[in-house]
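Notes follow once the structure below has been shown.
As the structure lists them, so they are numbered: ligands from 1, and atoms in each ligand from 1.
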Amino acid sequence: MKWIWSQLFWKIVGLYAVLTLLALTGLLVALTAGQSTESAAHQSQEVLERLRSIRSELESAEEPEIVLASWQQTLEREGQRLWLVDAEGRPLTHTDDVPPAEITLQSVVQSAIRTGQSSRRIHIRSSDPEVLAFAIDASGSGTGVRVLLTVLSPETLKRNQSQGTATATKAAIAVWMIGVLCVAFVTIGIVEPLRAMSLNLNQSIEKSQREDMLLSISDRRDELGHVATSLHRLEVEREERITMLELAEREARSSSDLLSAVLDSMIEGVVAVDREQRIVFLNSGARRLLGIRTAIGIGHRLYEAVRVPVFLQVVEDALRSGTMETLEYRSPREHTDLVLAVIPILKGPHAGAVAVVRDVSEVRRLEAMRRDFLSGVSHELKTPLTVIQACTDTLLGGALSDSTAAVRFLTQINDQSERLLQLILGMLQLARVESGQQILRLENVDVVTVADDVLSGFRTVADTRSVKLILVATDEITVIADSQAIQTIISNLVDNALKHTDSGGTVTVELVASELSHEIVVRDTGIGIPEEILGRIFERFYRVERDRNRERGGSGLGLAIVKHLCQALGATISVKSQPGKGSEFRVHFARG
Ligand code: ADP
């Protein structure tokens with residue numbers, strides 16, 4: 001009964017019903033009109049025929065009055081009236097129902113006398129309804145001019161006509177209803193499968209239900225059944241294709257996800273562009289190294305992402321030449337050293353180029369350090385060796401015979417040899433500390449005692465230079481460390497302080513203990529260090545001004561050794577200084 005709700009059903013059946021109803025009504029109207037004319041003519045013939053047979057009966061009857069009376073009764077039952085009248089329309093036999101001799105009636109009688117028979121629609125009296133009046137000439141019966149006259153009452157006329165119309169109407173309604181039922185039945189046969197198919201398409205997600213429906217529709221052997229079967233096959237094929245596509249897409253997505261994850265985890269930056277230099281891939285390394293904003297991404301032009309002309313030029317060159325191009329440049333914004341390699345992709349759907357960027361700042365820094373170290377070492381070795389060579393040349397050249405000069409030159413050779421030895425020892429110690437080869441013996445170190453020992457060793461030097469050397473330690477300070485390392489740290493810092501403090505100045509070693517930390521502070525009132533190079537004094541062989549240090553001695557390794565020892569002990573070192581006023585080095589041990 002689902003078809004009840006079908007719009008298509010009601011459209012087809014309703015349209016059919018309305019159209020056929022209109023057609024049948026028109027037909028009925030036309031039929032009724034034609035029938036009434038025909039029936040009137042037929043009735044006229046019948047009446048005239050009957051009048052003729054009555055006339056022949058009257059002519060052969062012995063007692064015509066009785067025959068006439070009998071006919072009068074018969075016709076009266078049928079709604080007609082019958083008279084035998086003279087030329088003026090007056091009745092010739094006795095009758096209760098005398099026809100009025102109206103002009104209209106007389107015209108019928110006169111016409112019958114003239115032509116033998118006549119029929120006419122007349123109003124007997126103008127106020128009466130219309131009747132059909134029939135007359136035939138009956139003068140053959142012998143008694144002067146006589147006419148047989150009859151009239152049909154309007155009721156009789158109507159009854160006969162409406163009977164025919166009613167029958168025709170009933171038949172038309174029956175035919176209409178049968179037609180509507182047939183159309184409804186056929187329409188249900190079309191609508192039901194169409195509804196099922198449309199439902200099936202709408203519920204395409206519920207696969208099993210759909211298949212059931214399609215299969216049940218495809219049981220039909222007509223065109224709709226074929227359509228349903230084809231639709232079902234299409235559905236199955238579509239499902240299979242979708243499943244295959246989904247699988248392929250899932251596989252492609254997972255491998256592309258893997259590739260993206262791998263490329264994103266790379267330290268190197270990777271940017272892929274097509275032939276028109278439109279970005280097709282960009283990893284996070286590239287964003288970081290090239291400073292590409294998040295708003296810029298796939299689909300943007302390369303020049304929108306990277307605004308470094310040399311970079312763009314190299315990509316352009318690689319695309320044009322079809323060969324790999326490389327470039328090393330310093331990023332203007334990030335101030336990093338970058339190496340760029342652009343590899344062109346010549347063929348295929350992804351033709352274009354891949355640019356790989358690597359940050360080589362650290363490599364370059366280490367290279368620079370190595371260079372500085374080598375030149376530092378060479379320089380530090382060269383100076384004493386040159387002095388030694390000059391002294392030996394002078395001695396060999398004859399100064400040996402002069403005992404005073406010989407002693408002076410040999411003392412110089414001794415000093416420079418000592419300097420060389422100290423330099424080599426310093427380098428060896430630094431190398432050990434840097435490489436972690438120096439084995440630290442961690443123990444509770446009484447820092448006050450160690451500092452006191454170190455200062456004792458420097459007393460003579462301090463006195464010679466007229467520099468006050470003070471130890472300030474209010475509490476006992478114990479740290480877990482290597483006592484030799486602590487000694488080297490204090491020793492190097494005090495040595496520097498004494499070297500750079502002129503006579504009359506003061507070098508103070510203060511040991512500070514608090515709840516959170518222990519600190520060794522070495523303070524002097526010396527020449528100080530310019531602020532801009534404070535960060536560099538811990539580098540190997542770095543010296544503020546070579547000329548300044550020449551007379552003060554030193555290899556440029558002391559603070560580098562201090563820094564690495566502090567790192568190895570888990571301590572930190574900081575420096576504050578004011579040129580002309582003095583410097584303060586602070587070694588900080590966190591407690592706990
Ligand atoms: P050096 O062995 O030449 O002293 P360091 O590594 O110990 O080498 O020190 C590096 C440089 O830092 C020194 O050459 C010196 O110019 C500067 N410096 C270190 N300590 C002081 C200080 N207390 N006052 C002034 N300058 C200092």
Please confirm whether [X] comes under 4.0 Å of ligand 1, counting heavy atoms of the residue only.
{"X": "K499", "value": "yes"}
{"X": "F585", "value": "yes"}
{"X": "G526", "value": "no"}

Margin query: Would I529 count as a polar contact of ligand 1, with the cut-off being nitrogen or oxygen pairs under 3.5 Å?
Written below: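 No: no nitrogen or oxygen of I529 is under 3.5 Å from one in ligand 1.
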Next item on the list: Return yes or no for this condition: an N or O of G556 is under 3.5 Å from an N or O of ligand 1.
Entry: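 Yes, since at least one N or O of G556 sits under 3.5 Å from an N or O of ligand 1.
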Side-chain ([X]) to main-chain ([Y]) donor-acceptor, under 3.5 angstrom:
{"X": "R459", "Y": "L469", "answer": "yes"}
{"X": "S284", "Y": "D264", "answer": "yes"}
{"X": "T326", "Y": "A341", "answer": "no"}

Check: Any idea which of I537, V522, N496 brings a heavy atom closest to atom 4 (O) of ligand 1?
Finding: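 Nearest option to atom 4 (O) of ligand 1, by heavy atoms: N496.
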Which of the numbered atoms in ligand 1 are under 4.0 angstrom from any heavy atom belonging to [X]?
{"X": "A497", "value": "23 (N)"}
{"X": "D524", "value": "22 (C), 23 (N)"}
{"X": "G528", "value": "25 (C)"}

Could you check whether [X] pairs with [Y] (Lys NZ or Arg NE/NH1/NH2 to Asp/Glu carboxylate O, under 4.0 Å)?
{"X": "E367", "Y": "R370", "result": "no"}
{"X": "E584", "Y": "R586", "result": "yes"}
{"X": "E304", "Y": "R301", "result": "no"}

Notebook entry, point to check: Any side-chain heavy atom of T336 within less than 4.5 Å of one from L289?
Noted result: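 No - every pair of side-chain heavy atoms lies 4.5 Å or more apart.
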